[in-house]
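Structure first, then comments.
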Amino acid sequence: MPELPEVETVKRGLERLIVGKTIASAQFDTPKSFPNAEADVASFLAGSSVVAVHRRAKVLLIGLSTNYSLVIHLKMTGQLVFVGDKERFGAGHPNASLIGQLPDKSTRVTLTFSDGSRLYFNDQRKFGWMRLLPTPEIVNLDFFKKVGPEPLSADFSWQNLQARLQRRKNTNIKAALLDQTVVAGIGNIYADESLWGAKLHPTTLVKNVPAAKYKPLYTAMQAVLTQSIAEGGSSDRNYVDAEGSRGRYLNFAAVFRREGRPCPRCNTLIVKTRVAGRGTHTCPKCQKLVN
DNA sequence: CACTTGACCTGTCCGC
DNA sequence: TGCGGACAGGTCAAGT
């Protein structure tokens with residue numbers, strides 16, 4: 001599910017909805033969705049308040065007043081949905097319709113705030129996880145030590161993208177884009193969309209990618225990610241934002257989930273194949289293999 | 001080491 | 001309808 005734009009959308013929603021709230025109680029299933037939830041974690045959480053929400057790559061960080069953080073990976077089907085309390089959020093509230101809908105059978109963790117509002121961590125496939133860690137220890141996690149740069153950060157250049165992709169010279173360009181140590185936050189949707197934008201075939205070996213393609217690839221990646229964030233991300237199946245709303249980006253996607261439909265550039269029908277073990281969408285005319 | 005493939009889960013969809 | 005198999009947005013560990 002969530003790639004960079006979806007996690008960023010959730011992050012912005014949570015920033016608006018839960019910063020300043022105090023956790024009154026926590027419930028979770030263990031150990032799958034909360035691997036370090038010892039018996040006293042719920043009582044430890046109670047009374048701490050949310051001071052900040054951050055995103056790095058596809059990981060969400062909820063900073064608490066105790067100098068601990070909740071570290072959350074939504075993986076394929078995770079959701080973080082905030083639901084206001086009945087008294088204060090009546091019919092007029094954007095997600096008032098969710099009151100009574102949650103928790104459901106996919107709910108793994110529930111945080112109840114002191115004003116009666118709740119944050120639900122739902123995850124149908126149980127690949128996602130939530131951990132409680134001392135905030136200073138987060139940088140020591142293997143994932144954070146190895147993860148590549150943020151593709152939308154001001155100091156990330158097309159030359160930087162080229163150099164990092166070329167570390168994976170014998171693999172195909174799609175697998176290299178999906179490698180989180182090359183660049184952070186790209187998943188299957190935005191890999192396909194970025195490659196279409198740069199007119200690159202996903203099975204092109206990195207060592208065969210023409211040097212002139214890296215700048216278009218960088219430009220396409222930034223454009224795709226930026227537009228998706230503006231549209232609230234992509235909802236293919238499970239993804240919803242922090243208020244339970246679906247993203248709109250797939251209305252604008254060029255190739256993803258558009259097999260059998262015309263390429264927006266040349267009207268050739270989009271085809272679906274399998275690359276790097278993932279469903280892959282390409283325009284057979286625009287994206288020529290150069291191996 | 002670099003690279004590829006399966007496993008982790010549940011739900012849904014498609015073909016027989 | 002029922003059933004089996006493929007597949008679904010991510011990451012690891014284990015294999016070659």
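FYI, side chains are in, hydrogens and waters are out, and symmetry mates aren't considered; it's all heavy atoms of this structure. Keep in mind it's a predicted model, so treat the numbers as computed, not measured. Protein chains get the first letters and strands the later ones, always in sequence-line order, with residue 1 at the start of each.
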Side chain of [X], heavy atoms from C-beta onward: which of [options] has the nearest atom to it?
{"X": "A:F127", "options": "C:dC7, B:dC8, C:dT11", "result": "B:dC8"}
{"X": "A:R278", "options": "C:dG10, B:dC3, C:dC7", "result": "C:dG10"}
{"X": "A:M76", "options": "C:dT11, C:dG10, B:dT4", "result": "C:dG10"}
{"X": "A:N188", "options": "B:dC9, C:dC7, C:dG10", "result": "C:dG10"}
{"X": "A:K32", "options": "C:dT11, B:dC3, B:dC8", "result": "B:dC8"}
{"X": "A:Q124", "options": "C:dG10, B:dC9, B:dG11", "result": "B:dG11"}

Within this structure, what is the [atom1]-to-[atom2] distance between [X] and [N], rounded to whole angstrom?
{"X": "A:N238", "N": "C:dG10", "atom1": "CG", "atom2": "P", "answer": "13 Å"}
{"X": "A:R168", "N": "B:dC3", "atom1": "CZ", "atom2": "P", "answer": "5 Å"}
{"X": "A:F144", "N": "C:dT11", "atom1": "CZ", "atom2": "C1'", "answer": "13 Å"}
{"X": "A:L4", "N": "C:dT11", "atom1": "CG", "atom2": "P", "answer": "11 Å"}
{"X": "A:K126", "N": "B:dG11", "atom1": "NZ", "atom2": "C1'", "answer": "12 Å"}
{"X": "A:Y239", "N": "B:dG11", "atom1": "OH", "atom2": "P", "answer": "22 Å"}
{"X": "A:L60", "N": "C:dT11", "atom1": "CG", "atom2": "P", "answer": "12 Å"}
{"X": "A:D192", "N": "C:dA8", "atom1": "CG", "atom2": "P", "answer": "11 Å"}

Is the phosphate of [N], meaning OP1 or OP2, less than 4.0 Å from a side-chain N or O of [X]?
{"X": "A:K58", "N": "C:dT11", "answer": "yes"}
{"X": "A:H73", "N": "C:dT11", "answer": "yes"}
{"X": "A:T171", "N": "B:dT4", "answer": "yes"}
{"X": "A:K272", "N": "C:dA8", "answer": "yes"}
{"X": "A:R125", "N": "B:dG11", "answer": "no"}

Pairwise [atom1] distance for [N] and [M], with rounding to whole Å:
{"N": "B:dG6", "M": "C:dA6", "atom1": "P", "answer": "12 Å"}
{"N": "C:dT11", "M": "B:dC1", "atom1": "P", "answer": "22 Å"}
{"N": "B:dG11", "M": "C:dT1", "atom1": "P", "answer": "22 Å"}

Establish, yes or no, whether a centroid distance under 6.0 Å links the rings of A:F34 and A:F121. no
What contact category does [X] fall into here, base, sugar-phosphate, or nothing, at under 4.0 angstrom with non-hydrogen atoms?
{"X": "A:R274", "answer": "sugar-phosphate"}
{"X": "A:K105", "answer": "sugar-phosphate"}
{"X": "A:N170", "answer": "sugar-phosphate"}
{"X": "A:F143", "answer": "sugar-phosphate"}
{"X": "A:S234", "answer": "base"}
{"X": "A:G128", "answer": "nothing"}
{"X": "A:G187", "answer": "sugar-phosphate"}

Judged by nearest nucleotide, the residue sitting upstream toward the 5' end of DNA chain C, A:K146 or A:R257, is A:R257
B:dC3 - base-pair partner by Watson-Crick or wobble geometry, distances under 3.5 Å: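 Because both required distances fall under 3.5 Å, B:dC3 counts as paired with C:dG15.
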For a quick test of reading the model, state the closest non-hydrogen atom pair linking [X] to [Y] and the distance between them.
{"X": "A:A191", "Y": "A:L178", "result": "CB-CD2, 4.0 Å"}
{"X": "A:A184", "Y": "A:L4", "result": "O-CD1, 3.8 Å"}
{"X": "A:K199", "Y": "A:K213", "result": "O-NZ, 3.3 Å"}
{"X": "A:V53", "Y": "A:K11", "result": "O-CE, 3.3 Å"}

Step by step, work out the side chain to side chain donor-acceptor pair (under 3.5 Å) result for A:N140 and A:K145. CA-CA 6 Å; A:N140 297 323; A:K145 284 199 255 186; 5.4 Å; no
Below 30° counts as parallel, above 60° as perpendicular, anything between as tilted: where do the rings of A:F113 and A:F82 land?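 Rings of A:F113 and A:F82: tilted, as their planes differ by 30° to 60°.
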